[in-house]
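One structure below.
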Amino acid sequence: MTVSTIDRPADRQSDRTAASAAPAMDPDPNTAPVVAVLIPCYNEEAAIAAVVRDFQAALPDATVYVYDNNSSDRTVEVAKAAGAVVRHEPLQGKGNVMRRMFSDIEADVYVLVDGDDTYHAPSAPLMVKRLWDDQLDMVNGARVTEIVKAYRPGHRFGNKLLTGMVALIFGNRIQDMLSGYRVFSRRFIKSFPALASGFETETELTVHALELNMPIAEIKAPYKDRPPGSHSKLNTIRDGVRILRTIVNLVKEERPLPFFFAIFAALAAASGILAWPVVATYLQTGLVPRLPTAVLSTGLMLLGFLSLTCGLILDTVTLGRREAKRMRYLSIPAPGVHPVRKAAGS
């Protein structure tokens with residue numbers, strides 16, 4: 001599904017109208033899911049009230065949670081006044097906030113959105129309905145905008161580059177890996193280890209879904225610029241490097257054999273290049289006049305085979321870890337079973 005209208009600050013009323021006109025979730029309490037809207041926040045006083053109100057209008061039966069991450073402005077007061085349930089996470093970083101949210105909140109469906117008022121709230125019912133009806137584990141909100149200020153060229157290029165790297169290694173199923181707008185099933189949230197501390201957590205979310213071959217989908221959603229007074233906390237270079245480092249670590253942990261084989265290939269190639277003139281001289285004269293080069297070549301080849309051995313061993317370990325994660329994932333009911341209500345005794 002594609003939402004084609006770009007949301008702008010002047011269109012608040014039309015957003016609420018669109019939310020009421022969107023396909024509603026089944027109101028029957030015996031079949032409708034328990035939905036939680038999760039909003040990680042850091043210094044979003046200028047935007048958070050609009051985000052809370054818009055998602056309350058789009059998902060009137062959902063509970064909106066705002067997790068404050070040491071804000072120095074009036075984010076907490078404004079969020080409470082708007083009607084959100086406000087909680088706190090003292091460890092700085094979006095990944096730390098998400099770990100706390102995923103641990104604390106019990107629901108059937110989780111809507112994750114940034115608190116900067118850039119994402120399209122009326123798309124939320126479509127995403128929730130798609131996840132629930134098709135029994136998916138994640139629906140990603142791919143950003144669509146023509147506003148240059150909202151989605152700067154540097155961020156757009158970095159997103160395409162990093163998304164392409166993940167697609168090449170783990171599978172090409174997501175077009176906007178760094179989107180902060182997603183809907184999750186309970187079994188995704190409760191099987192997600194959440195190890196990242198900062199903005200690289202979006203990469204972790206995507207790789208978790210791809211690694212376990214979860215049923216996922218992507219819906220295009222309008223994206224707009226921040227309201228006046230709101231400022232981005234994302235640093236293109238610093239956070240881009242952190243995300244790239246996370247991808248490398250995930251490849252090492254989840255694809256150890258290709259990772260260490262690449263190291264083996266590089267070391268073996270270097271060893272061969274150094275050894276060739278030594279071997280050629282030996283075949284001609286029967287002597288090894290370049291002993292240091294011969295020793296270096298031998299050492300590089302030994303290190304290469306050591307790397308390959310590590311890759312073979314870690315590949316077996318990773319298979320066991322993947323099986324354990326899969327069993328944990330399968331132990332949680334799929335969307336539609338209502339584990340929250342069963343746990344509550346209803």
Side-chain angles (χ1 to χ4, degrees), residues 1 19-20 22-40 51-52 54-67 83-87 97-115 119-141 174 179-194 201-202 204-206 208-209 212-219 221 325-346:
M1 302 181 191
S20 63
M25 299 304 301
D26 189 341
D28 184 349
N30 295 317
T31 58
V34 175
V35 181
V37 179
L38 308 181
I39 309 174
V51 178
V52 172
D54 288 349
F55 276 88
Q56 286 173 334
L59 298 168
D61 296 324
T63 303
V64 178
Y65 296 90
V66 171
Y67 270 70
V85 177
V86 178
R87 296 180 179 176
V97 179
M98 289 173 56
R99 184 186 309 116
R100 180 68 177 274
M101 292 190 300
F102 292 173
S103 300
D104 291 355
I105 306 302
E106 299 294 335
D108 294 322
V109 177
Y110 299 77
V111 179
L112 176 68
V113 65
D114 291 341
Y119 291 99
H120 190 251
S123 296
L126 300 174
M127 296 169 69
V128 173
K129 181 174 175 59
R130 177 74 181 276
L131 179 132
W132 195 250
D133 289 351
D134 294 349
Q135 289 193 306
L136 305 177
D137 286 307
M138 182 178 77
V139 176
N140 190 54
I174 293 293
S179 173
Y181 193 15
R182 308 185 191 216
V183 175
F184 301 103
S185 68
R186 175 181 172 81
R187 65 180 177 179
F188 182 107
I189 293 297
K190 298 306 179 181
S191 66
F192 178 61
T201 187
E202 276 98 358
E204 261 197 333
L205 290 168
T206 301
H208 181 63
L212 294 184
N213 293 318
M214 295 182 182
I216 62 177
E218 191 168 64
I219 290 178
K325 288 194 291 185
R326 183 71 183 178
M327 295 307 295
R328 169 58 182 165
Y329 164 78
L330 292 175
S331 70
I332 304 170
V337 180
H338 295 296
V340 172
R341 290 193 184 82
K342 287 190 174 182
S346 56

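The shown structure was predicted, so the numbers you read here are calculated from the model rather than taken from an experiment.
- Using a 4.5 Å heavy-atom threshold, the side chains of Arg87 and Val66 count as separate.
- With hydrogens and angles ignored, the 3.5 Å screen pairs no side-chain donor or acceptor of Ser123 with any backbone N or O of Ala221.
- Within the model, atoms OG of Ser185 and CG of Leu131 stand 6.0 Å from one another, a figure rounded to the nearest 0.5 Å.
- Rounding to the nearest 0.5 angstrom, the gap separating the CG atom in Asn140 from the CD atom in Glu218 is 4.5 Å.
- When all heavy atoms of Val37 and Ala62 are compared, the pair lying nearest together is CG2-CB, 4.0 Å.
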*May I have the step-by-step check of side chain to side chain contact (heavy atoms under 4.5 Å, CB included) for Arg182 and Phe184, ending in yes or no?*
CA-CA 7 Å; Arg182 308 185 191 216; Phe184 301 103; 3.6 Å; yes
_side chain to side chain contact (heavy atoms under 4.5 Å, CB included), that's the test. Do Val85 and Thr63 meet it? Break it down for me._
CA-CA 8 Å; Val85 177; Thr63 303; 3.9 Å; yes
*Would you please test Arg326 and Ser331 for side chain to side chain donor-acceptor pair (under 3.5 Å) and show each step?*
CA-CA 9 Å; Arg326 183 71 183 178; Ser331 70; over 6 Å; no
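- With sequence neighbours excluded, no residue forms a ring-ring contact (aromatic ring centres under 6.0 Å, His included) with Tyr67.
- Here the straight-line distance linking atom OG of Ser103 with atom CE of Met98 works out to 11.0 Å at 0.5 Å rounding.
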*Could you walk me through whether Leu212 and Lys325 pass side chain to side chain contact (heavy atoms under 4.5 Å, CB included), step by step?*
CA-CA 8 Å; Leu212 294 184; Lys325 288 194 291 185; 4.2 Å; yes
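- The CZ atom of Phe102 sits 9.0 Å away from atom OH of Tyr110, with the distance rounded to the nearest 0.5 Å.
- Residues Leu38 and Val111 have side chains not in contact (no heavy-atom distance under 4.5 Å, counting atoms from C-beta outward).
- A donor-acceptor pair is defined here as one N or O able to donate and one able to accept, closer than 3.5 Å; such a pair exists between the side chain of Arg99 and the backbone of Ala194.
- Listed here is the closest heavy atom pair of Pro215 and Arg187: CG-NH2, 4.2 Å.
- Minimum interatomic distance between Ser179 and Glu202 (heavy atoms only, all atoms of both residues): O-CG, 3.5 Å.
- Of the possible polar contacts, none joining the Asp108 side chain to the Pro33 backbone as a donor-acceptor pair under 3.5 Å is found.
- When all heavy atoms of Ile39 and Asp114 are compared, the closest pair comes out as CG2-C, 4.0 Å.
- Of all heavy-atom pairs spanning Ala58 and Ala121, the tightest one is CB-O, 3.4 Å.
- Atom-to-atom distance recorded for Leu205:CG and Ile216:CD1 is 11.0 Å, nearest 0.5 angstrom.
- With sequence neighbours excluded, the residues that form a side chain to side chain contact (heavy atoms under 4.5 Å, CB included) with Pro193 are Leu195, His208.
- In terms of the side chain to side chain contact (heavy atoms under 4.5 Å, CB included) criterion, residue partners of Ala124 (sequence neighbours excluded) are, by chain and number, Phe55, Leu59, Tyr181.
- Side chains of Ser191 and Arg186 form no contact here, defined as non-hydrogen atoms less than 4.5 Å apart.
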*Just do the side chain to side chain contact (heavy atoms under 4.5 Å, CB included) check on Arg100 and Ile105 with the steps written out, would you?*
CA-CA 9 Å; Arg100 180 68 177 274; Ile105 306 302; over 6 Å; no
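- If you check the side chains of Tyr65 and Asp104, you find no donor sitting under 3.5 Å from an acceptor.
- Between atom CE of residue Met138 and atom CG of residue Leu112 there is a gap of 11.0 Å, rounded to the nearest 0.5 Å.
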*Verdict with supporting geometry, Lys190 and Glu106, salt bridge (Lys or Arg N to Asp or Glu O under 4.0 Å)*: CA-CA 9 Å; Lys190 298 306 179 181; Glu106 299 294 335; 3.6 Å; yes
